[in-house]
Amino acid sequence: MDLSIVIVNWNTEDLLRDCLRSVSVAIGDLQVEVLVVDNASDDGSVAMLQKEFPWVTLIETQQNLGFSGGNNVALRRATARYVMLLNTDTLLHDDVLKDSVSWLDRHPKVGVMGPRVLNTDGSVQTSCSAFPSLRNLTMQTLGLTKITRLDRYRMTGWDRQSERHVDVISGAAMFVRRNAMQEVGLLDEAFFFYGEETDWCRRFKEANWDLVFTPIQGVTHFGNGSACKLNHRRDVLMTQGTTRLHLKHGGVPAGVACFAILAMHNLTRAMFWVAMSLLKRPGSWDRASHFIRVTVDFRKAWPATKKSIL
């Protein structure tokens, strides 16, 4: 088996349908298995899968296990040489699967690979990045990452037309070598929705596997498929995941520092957009309200104690 494609779904029936239709075309001559984990959806996703995609291996959970927990259910059953994590809010095009498998065959030291991902307007998506270090988070909070040449975090000054070793590859479209995964282990289920692929990538790197972005093209990512249902909770969960990363890899001082930086980030944005709303700038109150809600709920962003699976 060449490739196991793992997709976690939570109430994204229409996106999932379109994604799987694109997968069915992109498979070509490869030996591929597709495993869809449904995280206790209530929108008709399961019935749709059973009716329209009987060739897909459907795994139903009794509760929402989150991104890491849902993926792990399928990763334990994956049998192919390579695994692809794929979001429901994506479309595959051209020969992206065949080209990616061929590329991985030629690069045996690479544990994780990310292809070139595009937004719906054809612009390049920042689907890989540096690790969200305290330095990078501080630069972002100060607004310095808006200056392209200073943005070492998102690397927005790079057009993604060339290969590059990176720290983090987005789980929206991520290829993983199975024997590397067997060495490193599965996703850490202490991370519920954000930070899990960043933690995973760091563990691959610490185990001396290469992580590489390649300009192989053929993925469109709409973004915020399931997360769009979370509203301001998305930013709270992002803070929780990022803080957990620093607690795990840097200890309590790093976790506290990360939490403080992100608190400052959201507070200053709330103050800025409130000021803009007083100046009657169009749309400013919506953004102010968002950051106010995030700030009010920020205490919930400190990671609850949860034993790591590792």
Side-chain angles (χ1 to χ4, degrees), residues 64-69 71 126 128-147 150-156 166-172 187-206 223-224 226-276 286-310:
N64 186 351
L65 301 177
F67 184 81
S68 54
N71 273 295
T126 54
C128 56
S129 69
F131 186 79
S133 64
L134 296 178
R135 178 184 183 277
N136 286 332
L137 293 176
T138 300
M139 295 279 286
Q140 180 176 260
T141 296
L142 295 174
L144 296 176
T145 52
K146 293 185 181 296
I147 304 171
L150 297 180
D151 186 10
R152 297 182 180 178
Y153 182 20
R154 302 293 182 186
M155 299 182 285
T156 51
V166 296
D167 292 339
V168 180
I169 292 169
S170 169
L187 289 155
D188 187 343
E189 294 179 20
F191 296 86
F192 181 76
F193 200 76
Y194 283 99
E196 54 280 294
E197 73 258 49
T198 304
D199 169 70
W200 212 24
C201 287
R202 187 174 181 114
R203 287 158 47 207
F204 277 103
K205 196 165 189 176
E206 289 174 347
N224 296 336
S226 294
C228 67
K229 304 175 188 299
L230 300 172
N231 300 318
H232 75 284
R233 287 188 58 226
R234 176 188 61 187
D235 284 5
V236 176
L237 288 171
M238 287 178 68
T239 296
Q240 186 179 84
T242 307
T243 302
R244 190 181 293 279
L245 273 172
H246 284 272
L247 285 169
K248 178 175 180 177
H249 295 285
V252 173
V256 171
C258 171
F259 192 76
I261 292 168
L262 294 176
M264 183 60 65
H265 175 93
N266 285 284
L267 180 60
T268 54
R269 268 60 180 178
M271 294 170 63
F272 174 81
W273 287 110
V274 166
M276 289 298 99
D286 289 339
R287 303 190 76 170
S289 297
H290 170 82
F291 285 107
I292 289 170
R293 288 194 295 269
V294 174
T295 302
V296 169
D297 280 352
F298 206 77
R299 59 184 176 79
K300 300 177 183 177
W302 182 260
T305 301
K306 184 174 181 179
K307 185 179 179 180
S308 168
I309 64 169
L310 302 173

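Everything quoted here is computed from the prediction, not taken from an experiment. Basis for what follows: all heavy atoms, side chains included, without hydrogens, waters or symmetry-related copies.
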Roughly how far, to the nearest 0.5 Å, is [atom2] of [Y] from [atom1] of [X]?
| X | Y | atom1 | atom2 | answer |
| --- | --- | --- | --- | --- |
| Thr242 | Leu237 | OG1 | CG | 10.5 Å |
| Gln240 | Arg233 | CD | CZ | 9.5 Å |
| Phe67 | Glu197 | CZ | CD | 5.5 Å |

Work out which heavy atom in [X] is nearest to a heavy atom in [Y]; give both atom names and the distance.
| X | Y | answer |
| --- | --- | --- |
| Arg244 | Pro303 | NH2-CB, 3.4 Å |
| Asp235 | His290 | OD2-NE2, 2.7 Å |
| Glu189 | Ser68 | CA-OG, 3.5 Å |
| Asp167 | Cys201 | O-CB, 3.3 Å |
| Ala270 | Ala288 | O-CB, 4.5 Å |

Measuring only between side-chain heavy atoms, which start at C-beta, is [X] closer than 4.5 Å to [Y]?
| X | Y | result |
| --- | --- | --- |
| Tyr153 | Arg135 | no |
| His249 | Asp199 | yes |
| Glu196 | Asn71 | no |
| Leu245 | Phe191 | yes |
| Thr198 | Phe131 | yes |

Cut-off 3.5 Å, no hydrogens considered: what does the side-chain donor-acceptor table look like for residues 291-302, sequence neighbours left out?
unit_1: Thr295; atom_1: OG1; unit_2: Phe291; atom_2: O; d: 2.8
unit_1: Asp297; atom_1: OD2; unit_2: His232; atom_2: NE2; d: 2.8

Only distances under 3.5 Å count here; give the side-chain donor-acceptor pairs of residues 137-147 to other protein atoms, sequence neighbours excluded, each with its distance to 0.1 Å.
unit_1: Thr138; atom_1: OG1; unit_2: Leu134; atom_2: O; d: 2.8
unit_1: Thr141; atom_1: OG1; unit_2: Leu137; atom_2: O; d: 3.0

Show your working on side chain to side chain contact (heavy atoms under 4.5 Å, CB included) between Leu267 and Met271 and close with a plain yes or no.
-> CA-CA 6 Å; Leu267 180 60; Met271 294 170 63; 4.1 Å; yes
Mind running side chain to side chain contact (heavy atoms under 4.5 Å, CB included) on Asp188 and Lys248 for me, showing each step along the way?
-> CA-CA 11 Å; Asp188 187 343; Lys248 178 175 180 177; 2.8 Å; yes
side-chain contact (heavy atoms from CB on, under 4.5 Å) partners for Met155, two or more places apart = Cys128, Trp158, Arg160, Arg164, Val166
In terms of heavy-atom contacts, does CZ of Arg152 have more than 12 from other residues, nucleotides or ligands at under 6.0 Å?
->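 Check fails, neighbour count at 12 or below.
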